[in-house]
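Let me begin by presenting the structure, written as structure tokens, before commenting on it.
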Amino acid sequence: VVTYNTLIHGMCKEKKAEEAFGLFKELSSKGYDTDVYTYNILLDALCKDGKLNDVMTFVEKMIASGCVPDNVTYNVLMERLCRGRRLDRAMRILREMEAKGCYLNSVTYNIVINGLCKQGRVEEAEGLLGEMDDRRVVATVVTYNSLIHGHCRAQRIGKAMQLIDEMLAKGLVPDKVTYNCILSAYSKKGNVGKMRDTVQMMTSHGCELDAITYGTLIDGLCRTGKYEFAITILQTMLSKGMVPDAAAYNPILQCLCRQYKVQEALVKYREMLEKCVAPN
RNA sequence: UUCCUUGCAA
């Protein structure tokens, strides 16, 4: 089973879900073992880009085949519901799970907390963080990152900083995602000074700057018209051997076009193609 | 062997 699960997972990661389901059907028809991992892997692939109806049909098949859904199954489903604006349904499942005596783990809470934060319901999300503490479910860096992102999106950077202090007090180490959230709050305002400070903070804490960090910097600079500076950041990125994506180029193109520099924008566009960056 | 968090645009 492990061999086949690994293969099926590999196919799913490469967006070849058709192939994965094909292999799954072949295995089942030959009477080979499948387990809850197999189903969870496929369910997750369906949830990533499938219709909710297909998802539910698959869960029914899973149960009909005698496979008992586990925590991961619920988590995958809840994540899908949260993304499909069915957050309250996800909350109901959460309460049902606990009513059944299901052990709610950090990931379960993280999914709902993130869902709430994405809807701007950060207060409620913080309520769940309190609930985690009460129930001795450990809050993780991911938990805090979701909350921090929620505050940052609403420009409540002070609140975000408070949460970072809280993390540190619990012995959790802010990571590049944490800092990228803060950075993006400043970049949306085009606050170049604070962007600098944040990057400095990252490097001094041994956090690597990733493609998202650079993309965020480029975006922030372009928002205030500093496309030349943005281009130097892009070059830094390239010189470090990082692979830029459309999110690194788009703000620059947008900025140039806004300043009626379409010719220059086209030059950058061609560069994009040369570097095999797929436009979107 | 499976689930959760961050950037542009939409």
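These numbers come from the heavy atoms of this one structure, side chains and all, not from hydrogens, waters or symmetry mates. Chain letters run A, B, ... following the sequence lines, proteins first, then strands; residues in each count from 1.
Side-chain atoms of A:H149 do not come within 3.5 Å of backbone N or O of A:N145 as any donor-acceptor pair. Without hydrogens or angle criteria, A:R89 side chain to A:L81 main chain gives no donor-acceptor distance under 3.5 Å. A donor-acceptor pair under 3.5 Å links the side-chain atoms of A:N71 to the main chain of A:Y103, judged by distance alone. Distance alone, capped at 3.5 Å, places no donor-acceptor pair between the A:N114 side chain and the A:N110 backbone. Judged by distance alone, with hydrogens and angles left aside, the side-chain atoms of A:N180 form a donor-acceptor pair with the main-chain N or O of A:K176 at under 3.5 Å. Not one N or O on the side chain of A:D219 forms a donor-acceptor pair closer than 3.5 Å with the backbone of A:G215. Of the possible donor and acceptor atoms, one in the side chain of A:R83 sits under 3.5 Å from a partner among the backbone N and O of A:C47. Although no hydrogens or angles enter the test, the distance criterion places a donor-acceptor pair under 3.5 Å between the side chain of A:Q155 and the main chain of A:A185.
Here the range on RNA chain B touched by chain A, meaning any atom under 4.0 Å from one of its heavy atoms, is B:U1 to B:A9.
Sorted pairs that involve residues 234-280 of chain A and meet ring-ring contact (aromatic ring centres under 6.0 Å, His included), not counting sequence neighbours, are lacking altogether. Sequence neighbours left out, not one pair with a member in residues 9-21 of chain A passes salt bridge (charged side-chain N to carboxylate O under 4.0 Å, His left out).
In terms of heavy-atom proximity, A:T57 sits nearest to A:N53 at OG1-O, 2.7 Å.
With sequence neighbours excluded, the residues forming a side chain to side chain donor-acceptor pair (under 3.5 Å) with A:E166 are A:Y144, listed by chain and number. Remark: A:D33 engages no residue in a salt bridge (charged side-chain N to carboxylate O under 4.0 Å, His left out) (not counting sequence neighbours). In this structure A:R156 satisfies the salt bridge (charged side-chain N to carboxylate O under 4.0 Å, His left out) test with no other residue, sequence neighbours excluded. Residues passing the side chain to side chain donor-acceptor pair (under 3.5 Å) test with A:K240 are A:Y214, sequence neighbours excluded.
Looking at residues 23-43 of chain A, you'll see A:Y37, A:N40, A:I41 sit with a heavy atom under 4.0 Å from some atom of RNA chain B. Listed by residue number, A:N110, A:I111, A:N114, A:K118 are the residues of residues 109-134 of chain A with a heavy-atom contact under 4.0 Å to RNA chain B. Listed by residue number, A:V142, A:N145, A:S146, A:H149 are the residues of residues 136-155 of chain A with a heavy-atom contact under 4.0 Å to RNA chain B. Residues from residues 158-169 of chain A with heavy atoms under 4.0 angstrom of RNA chain B: there are none. Contacts between residues 74-93 of chain A and RNA chain B, defined by a heavy-atom separation below 4.0 Å, involve A:N75, A:V76, A:E79, listed by number.
Using cut-offs of 30° and 60° on the angle between ring planes, the pair A:Y4 and A:Y32 is tilted. Ring orientation note: the planes of A:F21 and A:F58 are nearly perpendicular, at an angle over 60° on the 30°/60° scale.
Across all strands shown, A:N71 has no heavy atoms under 4.0 Å from either base or sugar-phosphate atoms. Among the atoms of the strands shown, none is found under 4.0 Å from any heavy atom of A:K13.
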